There are 2 protein chains.
Amino acid sequence: MRRPDELTRAFRAQGLKITPQRQLLFTLLHDNETHPTAEALYTVAHAQMPGISRRTVYQTLTDLVSMGELSSLAVGGGATRFDPNTAAHHHALCDECGALLDIYVDDLQFRAQGLEGFAASGATIVFNGRCATCVPNDLPNNPVINNKEHQQ
Amino acid sequence: MRRPDELTRAFRAQGLKITPQRQLLFTLLHDNETHPTAEALYTVAHAQMPGISRRTVYQTLTDLVSMGELSSLAVGGGATRFDPNTAAHHHALCDECGALLDIYVDDLQFRAQGLEGFAASGATIVFNGRCATCVPNDLPNNPVINNKEHQQ
DNA sequence: GTGCGAATCTGCAAACCGTGCGAACTAGCC
DNA sequence: GGCTAGTTCGCACGGTTTGCAGATTCGCAC
Ligand SMILES: [Mn+2]
Ligand SMILES: [Mn+2]
Ligand SMILES: [Zn+2]
Ligand SMILES: [Zn+2]
């Protein structure tokens, strides 16, 4: 997602208006790495702008997603989470606290059975386990999966 | 997921009762490769046993998941889908029709940035794109559509 | 086969997440 | 300042899932 001032220009260029509600959400989302839900954003937004409506938060998020400024993630079965990081990346979901971390995967190689005839346009990878703050400190990390080279 | 008769034994071994509702769901799920939702299972179950309740379908699915006989998949943001295939595998989700196909991935190798300190216990991969029946049929070697007599 | 008790089933209410809609409001423009 | 299209708001509603309590039934003991 671009900076608030760039988004402002982009919105106006499309004939969309700039409202205080939208500006607030731009700033709340910019560089936000928590992958917040709509409700989490509403809570923070509402603290700063008591009149804002949940409906507006949902609407603005939908707009940003359809403009490609934001992506929406359906992980873990709860509410949709939103991601202003538009670089190609994957995620790690902590089973315990629900934290969602950005993971950058390179040099991916594999053999797949079952993809014959399927016109794949991409793939999403979600690692699961425990994040650093949820791993008990006396237990060593898994030496195989938690290293540079991985095998499934 | 094991066969209905094996599940029957497993349930009784745990002090759980065998009811007609559970037996029906066992057979509906066994070898079911469609990754059905609870509602889809209810529809089929209800056709065969009109008195069955949605609540019982949800309850039985939850029980099977906690017994490790079934896994639940949250993909695409809609209703949870259930998978009796307990072998380690991944999925491909058709953007168009929602079909979910089993994909077996081998020899997976990659480098990841961001996993440092994360105690990963596994990863799920979801390919997205179009399944074979949803891919437009105007591909190079379709003998009918690509025949000159059928071209404009 | 009867009876008992615990497990299960059912139906409904309610929680949760998100969307549709229409009335009220406002940003951007003259 | 006024106009108007775009936006916001509040509420109702749809889809999915869970909580609950009363009715029912399975499995067992007699
Ligand atoms: Mn991310
Ligand atoms: Mn599967
Ligand atoms: Zn954590
Ligand atoms: Zn398809």
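A note on names: the letters A, B, ... follow the listed sequences, proteins ahead of strands, and every chain is numbered from 1. Source: prediction; values computed, not measured.
Counting all heavy atoms, side chain and backbone alike, C131(B) lies closest to L101(B) at CB-CD1, 4.3 Å. Of all heavy-atom pairs spanning V57(A) and A38(A), the tightest one is CG1-O, 3.7 Å. Of all heavy-atom pairs between H89(A) and D83(A), the closest is NE2-OD2, 2.9 Å. Contact between P84(A) and N32(A) at its shortest, heavy atoms only, is CG-O, 3.2 Å.
Salt bridge annotation for R22(A)-D63(A): present, with a cationic side-chain nitrogen under 4.0 angstrom from a carboxylate oxygen.
Spacing between atom CD1 of I18(B) and atom C1' of dC9(C) amounts to 14 Å, rounded to whole angstrom units. At whole-Å resolution of the value, NE2 in H46(B) and C1' in dT10(C) are 12 Å apart. A straight line from CE of M49(A) to P of dT7(D) spans 15 Å, rounded to a whole angstrom. Taking atom CG on L25(B) and atom P on dT8(C), their separation rounds to 14 Å, with Å as the unit.
The number of heavy-atom neighbours closer than 6.0 Å to CD of E33(A), taken from other residues, nucleotides and ligands shown, is 12 or below.
For dG20(C), the OP1/OP2 oxygens have no side-chain nitrogen or oxygen of Q59(A) closer than 4.0 Å. Between T56(B) and dT8(C), a side-chain N or O to OP1/OP2 separation shorter than 4.0 Å is absent. Applying the 4.0 Å criterion to OP1 and OP2 of dT26(C), one finds that T19(A) has every side-chain N and O outside that range.
Here H30(A) contributes atom NE2 and E6(A) contributes atom CD; the two are 8.0 Å apart, rounded to the nearest 0.5 Å.
Side-chain contact between L24(A) and T19(A): absent, with no pair of heavy atoms (C-beta onward) separated by less than 4.5 Å.
Contacts between residues 9-17 of chain B and DNA chain C, defined by a heavy-atom separation below 4.0 Å, involve L16(B), K17(B), listed by number.
Using Watson-Crick or G-U wobble geometry with both donor-acceptor distances under 3.5 Å, dC30(D) finds its partner in dG1(C).
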| When every nucleotide of nucleotides 13-21 of chain D is labelled 5' to 3' by its protein contacts under 4.0 Å (heavy atoms), B for base, S for sugar-phosphate only, - for none, what sequence of letters results? | ---SBBBB-
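If you check the side chains of D102(A) and H35(A), you find a donor sitting under 3.5 Å from an acceptor.
Place Q21(B) and I52(A) on DNA chain D by their nearest nucleotides, and I52(A) ends up nearer the 5' end.
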